Amino acid sequence: MKTLILGGTLDASRLAKAVSETQLDAMFSYAGRVDTPREQPIPTRIGGFGGVAGLVDFILRERIRAVIDATHPFAAQMSRNAIAACAQTNTPLLALERPPWREQPDDNWINVADITKAVDALPETPAHIFLGIGRQHLSSFYRKPQHHYLLRIVDQPGGPLDFPNYEIVVDRGPFEFEKDRNLLAEKRIQYVVAKNAGGEGAFAKIQAARDLKLQVIMIGRPALPKRNVVADPKDVLNWLAHSTSAK
Ligand code: NAP
């Protein structure tokens, strides 16, 4: 009887470390999006489950007693699948998710609902744009080819991208304010495009944009069905202790 941790965030890694220091039996799961995923101190599997049906099978086969959804707030498909599979198998589910960042008086945000709206929000006149949104949706920005794009991604792409003007920084979080400030200033960035991830791992670019008085195009989180959410790995451990003793 073990706990399944759906990972892909800094908090998921923190949770895995915390769990490894207890007697709990747990398994970590990665989608397999990056070439070299961060190593975890608990047994790890990589790759999709095969939709809701695949996750249901996995839960039953591996005798999973609880699922912790510690995926990124924008990994909505995985979160929806977890809700459905846990409901079908009557498995307790808890999401570990930081609250979204909130705009401060000295921020200059344009709040948008999704990637398409983020592209719409970019100006028509050429500008220097920082895309800190991962690599999945970069092609959405091809329809505004007039800009110079600075892309920060975890892995070097397999081939050239279809932007006339772009530069890649290969790096992975957590990021630091000073470094991000220097990067944005040195590259003469005018707009930062960000997903509202919350937490501190990706916050440096938001702080840096605030400091440099840059516009941030902030993409809001996708909506999810109602579920139990905590913000701190410690609360997950408490919840697990209770859900175990309740069994
Ligand atoms: P997604 O659209 O919600 O998921 C697409 C499919 O990928 C899921 O249906 C599932 O495949 C598989 N998958 C996702 N997370 C998985 C996990 N932890 N373990 C096993 N399979 C998983 O997710 P995404 O936006 O592609 O993100 C993929 C992963 O990258 C997530 O784990 C997430 O935490 C991490 N990540 C995402 C973002 C982002 O902005 N989206 C940012 C940072 C990190 P099956 O249907 O076959 O099970």
Side-chain angles (χ1 to χ4, degrees), residues 2-16 19 26-40 42-62 64 66-86 88-89 93-98 100-101 112-116 118 131-141 151-155 170-175 192-206 217-225 227 229 233 236:
K2 55 181 168 250
T3 300
L4 173 64
I5 300 173
L6 302 170
T9 59
L10 196 59
D11 273 343
S13 300
R14 288 192 179 127
L15 175 63
V19 163
M27 178 187 276
F28 197 93
S29 176
Y30 274 123
R33 293 280 183 277
V34 301
D35 293 346
T36 49
R38 205 180 291 276
E39 263 195 51
Q40 299 298 338
I42 58 175
T44 301
R45 64 167 300 285
I46 300 182
F49 298 97
V52 176
L55 184 55
V56 164
D57 283 350
F58 185 88
I59 288 171
L60 298 176
R61 193 173 62 241
E62 295 288 333
I64 299 296
V67 175
I68 309 300
D69 179 359
T71 58
H72 192 273
F74 283 74
Q77 189 58 54
M78 186 68 252
S79 294
R80 288 193 188 104
N81 291 356
I83 292 168
C86 287
Q88 279 183 38
T89 54
L93 168 71
L94 183 67
L96 171 61
E97 188 176 88
R98 298 281 172 173
W101 299 315
V112 295
D114 54 33
I115 295 272
T116 306
L131 295 184
I133 54 163
R135 70 176 167 186
Q136 277 192 64
H137 300 287
L138 292 178
S139 60
S140 303
F141 290 83
L151 320 170
R152 180 158 66 191
I153 42 185
V154 175
D155 299 305
V170 175
D171 204 355
R172 70 166 64 177
F175 299 104
V192 170
V193 182
K195 291 174 172 172
N196 197 334
E200 72 271 27
F203 189 57
K205 60 178 180 277
I206 308 301
I217 297 176
M218 184 62 81
I219 306 169
R221 295 178 176 186
L224 286 174
R227 59 197 181 145
V229 181
V236 177

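Whatever order the structure lists ligands and atoms in, that order sets their numbers, starting from 1. Owing to the predicted nature of the structure, the values given are computational and were not obtained by experimental measurement.
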Ignoring hydrogens and geometry, is there a side-chain-to-backbone donor-acceptor pair from [X] to [Y] under 3.5 Å?
X: T9; Y: A70; result: yes
X: R135; Y: R33; result: yes
X: D155; Y: D35; result: yes

Considering only the protein, which heavy-atom contact is closest to [atom], and what is its distance?
atom: atom 7 (O) of ligand 1; answer: R33 NH2, 2.9 Å
atom: atom 17 (C) of ligand 1; answer: A31 N, 3.5 Å
atom: atom 35 (C) of ligand 1; answer: G8 O, 3.8 Å
atom: atom 11 (O) of ligand 1; answer: G48 CA, 3.6 Å
atom: atom 23 (O) of ligand 1; answer: A75 CB, 3.4 Å

Per-residue contact class, R45 against ligand 1 - non-hydrogen pairs under 4.0 Å: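 Near ligand 1, R45 shows its side chain, while the N, CA, C and O stay back.
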
Which is closest to atom 37 (C) of ligand 1 by heavy-atom distance: H72, R135, H137, Q77?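 The residue whose heavy atom sits nearest atom 37 (C) of ligand 1 is H72.
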
Can you check whether F58 reaches M27 side chain to side chain, under 4.5 Å on heavy atoms?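 Counting from C-beta outward, F58 and M27 do come under 4.5 Å.
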
Measuring from I153:CD1 to D171:CG, what's the distance to the nearest 0.5 Å?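 It comes to 11.0 Å.
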
From CG (L151) to CD1 (I133), nearest 0.5 Å: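 Answer rounded to 0.5 Å: 8.5 Å.
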
Salt bridge or not between R45 and E62? Use side-chain N to carboxylate O under 4.0 Å.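 Result for this pair is no, no salt bridge flagged.
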
Can you see which heavy atom on [X] is nearest to which on [Y], and at what distance?
X: L96; Y: I68; answer: CB-CG2, 4.3 Å
X: F49; Y: S29; answer: CZ-OG, 3.3 Å
X: A82; Y: L55; answer: CA-CD2, 3.7 Å

Please list, in number order, the atoms of ligand 1 under 4.0 Å from a heavy atom of [X].
X: G51; result: 45 (P), 46 (O), 47 (O), 48 (O)
X: M78; result: 1 (P), 3 (O), 4 (O), 10 (C), 13 (N), 14 (C), 15 (N), 16 (C), 21 (N), 22 (C)
X: A76; result: 3 (O)
X: S29; result: 17 (C), 18 (N), 19 (N), 20 (C)
X: K195; result: 39 (C), 40 (O), 41 (N)

I'd like to know if [X] contacts ligand 1, where contact means a heavy-atom distance under 4.0 Å to any ligand atom.
X: Q136; answer: yes
X: N81; answer: yes
X: P73; answer: no
X: G54; answer: no
X: G50; answer: yes

Among all residues two or more places apart in sequence or in another chain, which pass the ring pair (Phe, Tyr, Trp, His ring centres under 6.0 Å) test with F175?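 F175 satisfies ring pair (Phe, Tyr, Trp, His ring centres under 6.0 Å) with no other residue.
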
Looking only at distances, please establish whether an N/O atom of ligand 1 is found under 3.5 Å from an N/O atom of G7.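 Yes, at least one N or O pair falls under 3.5 Å.
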
Is there a nitrogen or oxygen of F49 sitting under 3.5 Å from a nitrogen or oxygen of ligand 1?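 The answer is yes, given that F49 and ligand 1 share an N or O pair closer than 3.5 Å.
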
May I have all residue pairs that pass side chain to side chain donor-acceptor pair (under 3.5 Å) and include part of residues 192-203, sequence neighbours excluded?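 Residue pairs passing side chain to side chain donor-acceptor pair (under 3.5 Å), neighbours aside: R14-E200.
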
